There are 2 protein chains.
Amino acid sequence: MKPSGKIVSRLSEQGYRLTPQRMMILSVIEGGGGHISAEEIYAQVAAKYPYVNISTVYRTLELLKRLGLVTETDLGDGRLRYHPAEKGHHHHLVCTECGVVINLDESVLARLEDVLLHRYNFSADLKHMAIFGRCANCSE
Amino acid sequence: MKPSGKIVSRLSEQGYRLTPQRMMILSVIEGGGGHISAEEIYAQVAAKYPYVNISTVYRTLELLKRLGLVTETDLGDGRLRYHPAEKGHHHHLVCTECGVVINLDESVLARLEDVLLHRYNFSADLKHMAIFGRCANCSE
DNA sequence: TTTGTAGTTGCACTTAATTGCAATAAAAGG
DNA sequence: CCTTTTATTGCAATTAAGTGCAACTACAAA
């Protein structure tokens, strides 16, 4: 699995270097099923290419996040999850009682994003949110 | 400063013990201006009463959060912030570019909470949210 | 007031994430 | 192909937060 040319050229255009570490990290992020953690990325990369450090993974994720190429979301399991933007946006409802995760269409937050933009001139990043609460079962 | 009888009796009623550590932690949370971090609470408590451990602070906060007595919010500065529920709910817009924090009335998320409840039977905890994005100035 | 017990705490350790800094290497230009 | 510049990495250390477990203690009951 190779990283998509889209992300690679985006990095290149902006003056970021295409190191082997970044390439490996990118292909893992794009190759998997999404919602992957930094440690999981590290483990998968290190299995094939030992010359990577966990801090490089974190720094690469920080970069990709800043460029809007991946989203970072806390799904309540103690580690941040990363999801490639190209796989499409959505949100999650996370039950703090039983842990169930319900997927939500992106459109659910569209109106809020709109209100924040027009009323506060604030360009909210609502690409991949996790909303905590209690699911139907756990509400009693 | 003493902790409010309301919180104390709530803890007591539910079978939780009123230890001196908890009392000190509570009074610091209620006494300050809100949005305090665990380390700040610890420092303030330890100054007056050395017999406290930072892990007790974390565990007390976890308890208060679970009971809905304090809210826990990531305002983007690398530490979670705690706010007593009794001081009233509100939200924040946090600019990831310049760090400015804009306060938002609770009502801004009321509609979303409603939609999630009726459409998904999900009782969302939208008491004290931080929404990240770019403020008017930083949007260019 | 004493006792029993289950909730709490302190301590040491672990984990996820971040950071300073010297060494390294990508990539543009000669 | 070699040199230069500067982005990037690895390493070690740090920080915020969470946890297992034995010792302790709040508080209800005797």
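As the structure is a prediction and not an experimental result, all values here were calculated from the model. In the text below, chain A, chain B and the rest are named by the order of the sequence lines, each starting its count at 1.
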Inter-residue atom distance B:Asn53.CG - B:Gln21.CD, 0.5 Å rounding: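 So the gap between those two atoms works out to 9.5 Å.
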
What is the separation between atom [atom1] on [X] and atom [atom2] on [N], rounded to the nearest whole Å?
| X | N | atom1 | atom2 | value |
| --- | --- | --- | --- | --- |
| A:Asp77 | D:dA17 | CG | P | 17 Å |
| A:Leu61 | D:dT9 | CG | P | 11 Å |
| B:Asp74 | D:dT15 | CG | C1' | 15 Å |
| A:Arg22 | D:dA7 | CZ | P | 11 Å |
| A:Leu67 | D:dT8 | CG | P | 10 Å |
| B:Met24 | C:dT9 | CE | P | 13 Å |
| B:Ile25 | C:dT9 | CD1 | C1' | 10 Å |
| B:Arg81 | D:dA17 | CZ | C1' | 14 Å |

Aromatic ring pairing B:His35/B:His90, orientation class (parallel under 30°, perpendicular over 60°, tilted between):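 Perpendicular: the ring planes of B:His35 and B:His90 meet at over 60°.
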
Nearest-nucleotide 5' precedence on DNA chain C, B:Val52 against B:Gly15: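 Comparing both residues, the 5'-ward one is B:Gly15.
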
Base versus backbone protein contacts along nucleotides 18-30 of chain D [heavy-atom cut-off under 4.0 Å; B, S, -]: SBBB---BBS---

Test side-chain hydrogen bond (donor to acceptor under 3.5 Å, both in side chains) applied to B:His128 and B:His91, B:His92, B:His89, the passing residue: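 Of all the options given, the one that passes is B:His92.
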
Reference residue B:Thr56; test side-chain contact (heavy atoms from CB on, under 4.5 Å); the match among B:Val45, B:Leu61, B:Ile25: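 Of the listed options, the one satisfying the test is B:Ile25.
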
N/O donor-acceptor pairs under 3.5 Å from side chains in residues 5-16 of chain B, not counting sequence neighbours:
from, atom 1, to, atom 2, distance (Å)
B:Ser9, OG, B:Gly5, O, 2.8
B:Ser9, OG, B:Lys6, O, 3.1
B:Arg10, NH2, B:Leu67, O, 3.4

Ion pair check, A:Arg66 and A:Glu72, cut-off under 4.0 Å: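 Salt bridge between A:Arg66 and A:Glu72, a charged N being under 4.0 Å from a carboxylate O: no.
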
